[in-house]
Q: 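Let me give you the structure first, and then I'll get to my questions.
Each ligand, and each atom within it, is numbered from 1 in the order the structure gives. Atom set for the values below is all heavy atoms of this structure, side chains included, hydrogens, waters and symmetry mates excluded.
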Amino acid sequence: MLEVLILITLCALLCSLILWRRLIIQNNKAQATYHSHRKEHNEVLTRTKSDRRELKLLLNAFDDALIITNSEGVIQVVNESCRTLCSGRALRGNTIESAFMDREICEYINSAIQLTTPQKQKIILNDSSFGYNNSVSDSAWVIDSAPLPSQEEEGNLHRVILRDITSEHRTDQIKREFVANASHELRTPLAIITGYLENLIDDDVVDSPATARRFLTTIRKHSDRISKLIDEMLTISKLESGDGVQLSMQQFDLNEVIEDIIDRLSPMILSQQATINYACRPTQVTLSGDPFYWDQALFNLIENALKQNTETPVTIDINIELLENQQVDIKITDNGKGIPSMHLPYIFNRFYRVQKHHSQNKVKGTGLGLSIVKHAIEAHGGEITVNSEPGVFTTFQISCPTNLDS
Ligand code: ADP
């Protein structure tokens with residue numbers, strides 16, 4: 001009986017052992033499966049993280065604002081440029097209106113995302129602060145939208161790209177204005193020349209030498225004006241070239257440049273009985289710059305002081321002072337008719353003139369002189385300001401480094 005009991009116990013023990021071992025094997029297997037799943041899961045997680053990082057990098061690498069929206073205009077994805085454009089407002093899950101806050105832009109995006117074909121449109125916003133901290137006169141945008149391949153779980157999605165083309169738009173506008181102004185300025189003297197030539201041919205004026213001379217003198221004045229305009233337009237276009245002004249740098253004595261200008265203007269000074277007071281401290285001021293542009297700038301300023309004040313003898317004070325911080329300060333002051341304050345903000349604009357008379361014998365200026373002066377001084381790292389009290393004084397003041405590298 002005892003043997004049977006022992007045998008049964010042994011059998012039970014053996015069975016338990018076998019069961020226990022099976023359990024251990026199963027447990028090990030389960031653990032191995034768990035670890036392998038966990039590993040796979042971690043790998044998937046790492047891959048997803050790296051994919052998301054790559055996607056984020058890719059989206060943020062665009063300078064343009066990028067939005068993915070559903071067809072209800074609810075924003076799903078944006079890039080960093082879009083967040084910047086919307087000044088940090090909450091975007092994901094919100095509507096286009098709450099993100100962009102500009103009626104025109106929102107209207108366009110909302111209608112574009114209803115369409116099934118790609119759309120591209122240039123939008124000019126007048127007096128809007130969209131994308132800028134302060135309201136700007138005009139800003140220009142290209143809005144490029146297209147439906148994305150349909151994703152069942154996401155519904156219909158659209159991508160919208162907003163590209164800021166304000167600076168290209170302004171450059172185009174400046175070019176257009178320049179061409180329009182230049183054509184107008186050239187057409188006027190050409191029309192006068194043609195008119196006088198027709199009179200000379202048709203009216204037998206040639207028989208009257210005095211009248212013919214008068215006509216020819218006018219023709220010469222206006223053809224001189226055309227050449228001056230062309231020269232000045234070429235200078236302006238060089239100064240305004242996008243690649244920066246090509247300065248031919250040299251060391252030169254500012255005194256010599258001014259003395260040469262006064263010498264060239266002496267017929268005008270004498271005929272107008274003008275007085276020039278010239279002071280330079282110290283007596284020699286050496287500048288490093290392009291003497292051609294310095295000559296143009298200073299000549300225009302001194303000539304303006306003379307030619308704008310032909311009625312009464314004008315006094316022109318030219319003061320040059322070398323300052324301690326390697327800056328030169330140049331003041332050209334006249335006591336002539338001056339510039340009314342309402343014109344001062346525009347005086348350096350191309351083709352801007354205070355008096356816009358179109359007399360045939362009195363040849364007007366080109367309106368390009370001061371624009372050339374400003375560009376030339378700025379190309380040398382300096383600045384020019386103007387101050388005027390009509391009938392009392394007009395002062396143009398230049399502050400400029402004596403050496404561009406300093
Ligand atoms: P332009 O002299 O060829 O007309 P500028 O660009 O040199 O062109 O000058 C623009 C305008 O500024 C002039 O038409 C004139 O009305 C005004 N101006 C410039 N300098 C003077 C000055 N010293 N006194 C009065 N008006 C001036």
Q: Where the closest heavy atom to atom 23 (N) of ligand 1 is concerned, which of Asn304, Asp334, Asn309 has it?
A: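 Result: the heavy atom closest to atom 23 (N) of ligand 1 is in Asp334.
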Q: Within the 4.0 Å heavy-atom shell around Gly338, which atoms of ligand 1 are there?
A: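 The atoms of ligand 1 under 4.0 Å from a heavy atom of Gly338 are 25 (C).
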Q: Tell me whether ligand 1 is touched by Asn300 - counting only heavy atoms on the residue side and a distance under 4.0 Å.
A: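 Flag not set, Asn300 not near ligand 1.
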Q: Counting distance only, does the side-chain N/O of Asp295 pair as donor-acceptor with the main-chain N or O of Val257 below 3.5 Å?
A: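 No, the answer is negative, given that no donor and acceptor are paired below the 3.5 Å cut-off.
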Q: Is there a donor-acceptor contact under 3.5 Å linking the side chains of Thr171 and Gln173?
A: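 No, Gln173 and Thr171 have no side-chain donor paired with an acceptor closer than 3.5 Å.
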Q: Answer yes or no for Glu303: is there a heavy-atom contact with ligand 1 below 4.0 Å?
A: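 No, Glu303 has no heavy atoms under 4.0 Å from ligand 1.
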Q: Please identify which atoms of ligand 1 are closer than 4.0 Å to at least one heavy atom of Gly367.
A: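 Heavy-atom distances to Gly367 below 4.0 Å select 1 (P), 3 (O), 4 (O), 6 (O), 8 (O).
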Q: Considering only heavy atoms of Lys307, which atoms of ligand 1 have at least one such atom less than 4.0 Å away?
A: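 Near Lys307, the atoms of ligand 1 are 1 (P), 2 (O), 3 (O).
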Q: Just which atoms of ligand 1 are under 4.0 Å from any heavy atom in Ala305?
A: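 Answer for ligand 1: 23 (N).
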Q: Output the list of atoms in ligand 1 that are nearer than 4.0 Å to some heavy atom of Thr366, sorted by atom number.
A: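 This gives 1 (P), 3 (O), 4 (O) as the contact atoms.
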Q: Can you name the side chain to side chain donor-acceptor pair (under 3.5 Å) partners of Tyr346, sequence neighbours left out?
A: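 Result, side chain to side chain donor-acceptor pair (under 3.5 Å) vs Tyr346: none returned.
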Q: Does any N or O of ligand 1 fall below 3.5 Å from an N or O anywhere on Phe396, backbone included?
A: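 By distance alone, the answer is no.
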Q: Verify whether one side chain among Asn319 and Tyr278 offers a donor that lies under 3.5 Å from an acceptor in the other.
A: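 No, no side-chain donor-acceptor contact under 3.5 Å.
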Q: Has Thr194 got a side-chain atom pairing as donor or acceptor with Leu190's backbone, closer than 3.5 angstrom?
A: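 Flag set: sc Thr194 to bb Leu190 pair under 3.5 Å.
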Q: Is the Phe351 ring parallel, tilted or perpendicular to the Phe178 ring (thresholds 30°, 60°)?
A: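 Geometry flag for Phe178 against Phe351: tilted rings.
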Q: If hydrogens are left out, which of Phe351, Tyr346, Tyr352 has an atom nearest to atom 10 (C) of ligand 1, that is, the closest non-hydrogen atom?
A: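 Shortest heavy-atom distance from atom 10 (C) of ligand 1: Tyr352.
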Q: Give the contacting part of Arg353 toward ligand 1: side chain, backbone, both or neither, where contact means a heavy-atom distance below 4.0 Å.
A: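 Near ligand 1, Arg353 shows its backbone as well as its side chain.
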Q: Are Val78 and Arg83 packed together at the side-chain level, in the sense that at least one heavy-atom pair is separated by less than 4.5 angstrom?
A: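 Yes, their side chains come closer than 4.5 Å.
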Q: Check contact between Gly336 and ligand 1, using heavy atoms of the residue and a distance below 4.0 angstrom.
A: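 For ligand 1, residue contact (heavy atoms, under 4.0 Å) with Gly336 is absent.
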Q: Name the atoms and distances for all side-chain donor-acceptor pairs under 3.5 Å in residues 17-37, with sequence neighbours left out.
A:
from  : atom 1 : to    : atom 2 : distance (Å)
Thr33 : OG1    : Lys29 : O      : 2.7
Tyr34 : OH     : Arg38 : NH1    : 3.2

Q: For ligand 1, which is the ligand I care about here, please tell me if Ile347 has any N or O atom under 3.5 Å from one of the ligand's N or O atoms.
A: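 No, there is no polar N/O contact under 3.5 Å.
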Q: Are any non-hydrogen side-chain atoms of Gln76 and Thr69 less than 4.5 angstrom apart?
A: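 Contact flag for Gln76/Thr69 side chains = no.
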Q: Counting heavy atoms only, which of Ile372, Leu370, Ile339 is nearest atom 9 (O) of ligand 1?
A: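 Result: the heavy atom closest to atom 9 (O) of ligand 1 is in Leu370.
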